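Structure, as structure tokens:
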Amino acid sequence: MFDLILRRARLCDEQRVDIAIRDGKIAAVGEVNGPAQQERDLGGRFYVSAGWIDSHVHCYPKSPIYHDEADAIGVAQGVTTVVDAGSTGADHIDDFYQLTRPATTNVRALINISRTGIVTQNELADMAQIDGEAVVQAVKRRPDFIVGLKARMSSSVVGNNGIQPLVRAKAIQQAAGNLPLMVHIGNNPPVLEEIADLLTSGDIITHCFNGKPNRILSPQGELKAAVKNAIARGVKLDIGHGSASFSFEVARQAIAQGILPETISSDIYCRNRLNGPVHSLAHVMSKFFSIGMTLPQVIDCVTHKAAAGLRLTGKGRLSEGYDADLTIFTVKEEARPFVDAEGEQVTGEQHVLPLAVVIAGQWHLTDEGKANHVFDL
Ligand SMILES: [Zn+2]
């Protein structure tokens, strides 16, 4: 007896399959026989992928600047796992953990190398706030919650410290079991070349297609050599759209040179969710259709590539034995504007609309799914 069977689910490669779930895990994919407590027929029309993972969000509710509720940016928007990117450091990470236990959405965190996290905008301006031992102890206390480290390496954050916070971050990473390190890039100093040269395999550059002068492309539009070398060493590019960190122009030029993002993430928090230009992970994903990425490519960036990048074991694939986290969605053809963080507007023709999710085997409607009543069976 299965708990739930989704019948005639449409996959991104246009196969149609049944998906059976038992005890919070995917029990079978293909043609499924056998009874279930609950069945839902997707009629071959609605897409199902592994549950979407947003690799860069802000959802520490007490953060004075960048806060949101996990379920508002998670389950309500078709995202089954959100990874908070450094809102909290060692001082607040336990509070953050406790506050997010009631959430339906899976919540994980990258711990800020600064004890204070993003309580202020310049958390790495005082080197005394970078406490490696406090990070190591936090990771020991919360090994399933803390999946990596975060360092924001832009001028407004590091003050007069230049590249030094990243040198410390790399040492702390070693001491903390070589967890993935996500590095935010923005205005210099430090210049991007200095940052890229320090990164090693598995490290993640977020805000990779930002439009600031310290961007990944040279003034001639070519990928900077230091970034090219970093990618060759296994450094990964993450979108982290946010309020100020995504440029269609940079994305177009990079993608034209074959530089695709490894992960598509939103850098969402309540203000850029409500006022734009982020709105939701689905909205950010849809922007990539208008610059030449395909549906399977976009979905890969929020499922198995996101899971691999942050080592989320058991997540990211629609395969037997994986966690029963799924996103059920449709792709709507409609001309609607997309705006990047630089104010450039393009017309999007295709939009992914999440309708429902399964999280740990349980079915939930998204806001979109509640609004259009498609699953009122
Ligand atoms: Zn962020």
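Counting starts at 1 for both ligands and their atoms, following the listed order. Keep in mind that what you see is a predicted model, and the values were worked out from it rather than measured.
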The Zn ion (ligand 1) reached by H58 (N, O or S, under 2.8 Å): yes

Can you tell if the side chain of Q129 reaches within under 4.5 Å of the side chain of E123, non-hydrogen atoms only? no

Point-to-point distance, once rounded to the nearest 0.5 Å, from SG of C12 to CG of D300: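 Between atom SG of C12 and atom CG of D300 there are 8.0 Å.
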
For the Zn ion (ligand 1): the N/O/S atom of H56 at shortest distance: NE2

How is the N/O/S atom of D267 that comes nearest to the Zn ion (ligand 1) named? OD1

Any carboxylate oxygen within less than 4.0 angstrom of a Lys/Arg side-chain nitrogen, looking at R108 and D84? no

Hey, is R252 close enough to E344 for a salt bridge, meaning N to O under 4.0 Å?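 Salt bridge: yes.
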
